[in-house]
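Here the structure comes first, spelled out in structure tokens, and everything after it is commentary.
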Amino acid sequence: MKDMMSPESLMMTHGYHPEWSEGAVKTPLFLTSTFAFKTAEEGKSFFELAYGLRQKNQEEQLGLIYSRINNPNLEILENRLCLWDKADDCAVFESGMSAISTTLLEFLKPGDLLLFSSPTYGGTDHFINHFLKKIGVDAIGFYPDQTKEEIMQMIEATGKAQQLTHIYLETPANPTNDLVDIAMCKEIANHYRTPEKEVIISVDNTYMGPIWSNPLQHGADLVIYSATKYIGGHSDVIAGAVLGYADHIKRVKTLRTFLGNMASPHTCWLLLRSLETLKIRMEQQARNATDIARFLDDHPLVEQVSFLGHLDEDSRSYRIFKEQYTSSGAMISFYVKGGEKEAFQFLNQLQLIKLAVSLGSTESLVQHPASMTHAGVCPELKERIGIRDNLIRLSVGVENSRDLIWDMGQALQVLQEKQVAVPQLV
Ligand SMILES: *Cc1c(COP(=O)(O)O)cnc(C)c1O
């Protein structure tokens, strides 16, 4: 029966039984570093499984040993996250970056070639182009508007096509909402796959998942989250997650055991609470974003709005959008008329919306990509991907959209007054 239920119906109960904890309806916080074995024989058998010394029996679960390996809060959270993406298994981390770096470290080795979509999150970009490069992993980036043929030519031009083992995607791309075609990347992966060598596709689904997109259904092998964003959703916790096939996640969890970057029980407990409202939060955020995008589109001081609900129906992006997403999401990027000065005037004038990086939270957040999240991006790449000085990124929260529109309206109004006021002073 439960197999037929929707994830939102199971987020309060799945994977936890009140009889484990004095009848407590809510999962308690298991603040313990270690777990008592009933007998020495039981301890031995748990370790045999943990160290892979024997195969698991059909019904057998990995027993609780030590909180770097497993903990009830960690396991219940991982089981619940699996429901949304219909994944076999999940590994939760203390940050999105630790989920990303641990995954790339597990699946890449010196000499390998990595293909990644650009732009990608600044931390990911740095890890690929600095750390991975240092240990001998080559990487090439492609842009969302490139065709399969162009990308394959780039791969061939490296002279290392046979060493391609991983394709890392971030879609929609931050901050421009550009879309990457996962199915097209799957064709590229299949082309370079050999009986000896997998080509694994990972997708950073932080912007749209797990409610509006499930990349595993579109050919991805792994889906990655900064759970700091929508999944956490309250700007009070840093966390990350990776989901996928059982054998892949087993490898990720094994490396996690040795790096020791699993999420703490307290982080997991906060995320369990967040998951209960994930769907209604995201739905309200998407409704608000639709209202705000319409307002911005009509505003004379806004030059251009980048929102997935406003794609040209004849475009390639629209086709990918219809294929991969069920909502236009709650991230809007827009260009105000003017340059950095006007963008800053607008940001400084906002009263309700907070000026801060991060996204996906209950409160609306704005930031200036050119000088903040993407300050480290080289000028040519900024130009290529549209990160200009008048670009604002807005993460829409759950407030009443009327109040958000009022706030943006009054902040844009100041631009108009200042633009008129300057010539009068001369
Ligand atoms: C924030 C973010 C990350 C990094 O996650 P942290 O939880 O901050 O470590 C990775 N990818 C995307 C798309 C993000 O927005």
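Each ligand, and each atom within it, is numbered from 1 in the order the structure gives.
Looking only at side-chain heavy atoms (C-beta outward), Thr171 and Tyr207 stay at 4.5 Å or farther from each other.
Listed by first and then second residue, the side-chain hydrogen bond (donor to acceptor under 3.5 Å, both in side chains) pairs that reach into residues 115-124 are Thr120-Glu170, sequence neighbours excluded.
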Just the distances, no angles: every ligand 1 N or O to protein N or O pair closer than 3.5 Å, one line each.
from, atom 1, to, atom 2, distance (Å)
ligand 1, 5 (O), Ser226, OG, 3.0
ligand 1, 7 (O), Gly96, N, 2.9
ligand 1, 7 (O), Ser226, OG, 2.9
ligand 1, 7 (O), Thr228, OG1, 2.6
ligand 1, 9 (O), Gly96, N, 3.0
ligand 1, 9 (O), Met97, N, 2.8
ligand 1, 11 (N), Asp204, OD2, 2.7
ligand 1, 15 (O), Lys229, NZ, 2.7

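Under a 4.0 Å N-O distance rule, the pair Lys250/Asp247 does not qualify as a salt bridge.
Between the side chains of His248 and Asp221, no donor-acceptor pair is found at a separation under 3.5 Å. In summary, the side chains of Thr373 and Gln367 do present a donor paired with an acceptor at a separation below 3.5 Å, with no hydrogens or angles considered.
Without hydrogens or angle criteria, Ser333 side chain to Pro175 main chain gives a donor-acceptor distance under 3.5 Å.
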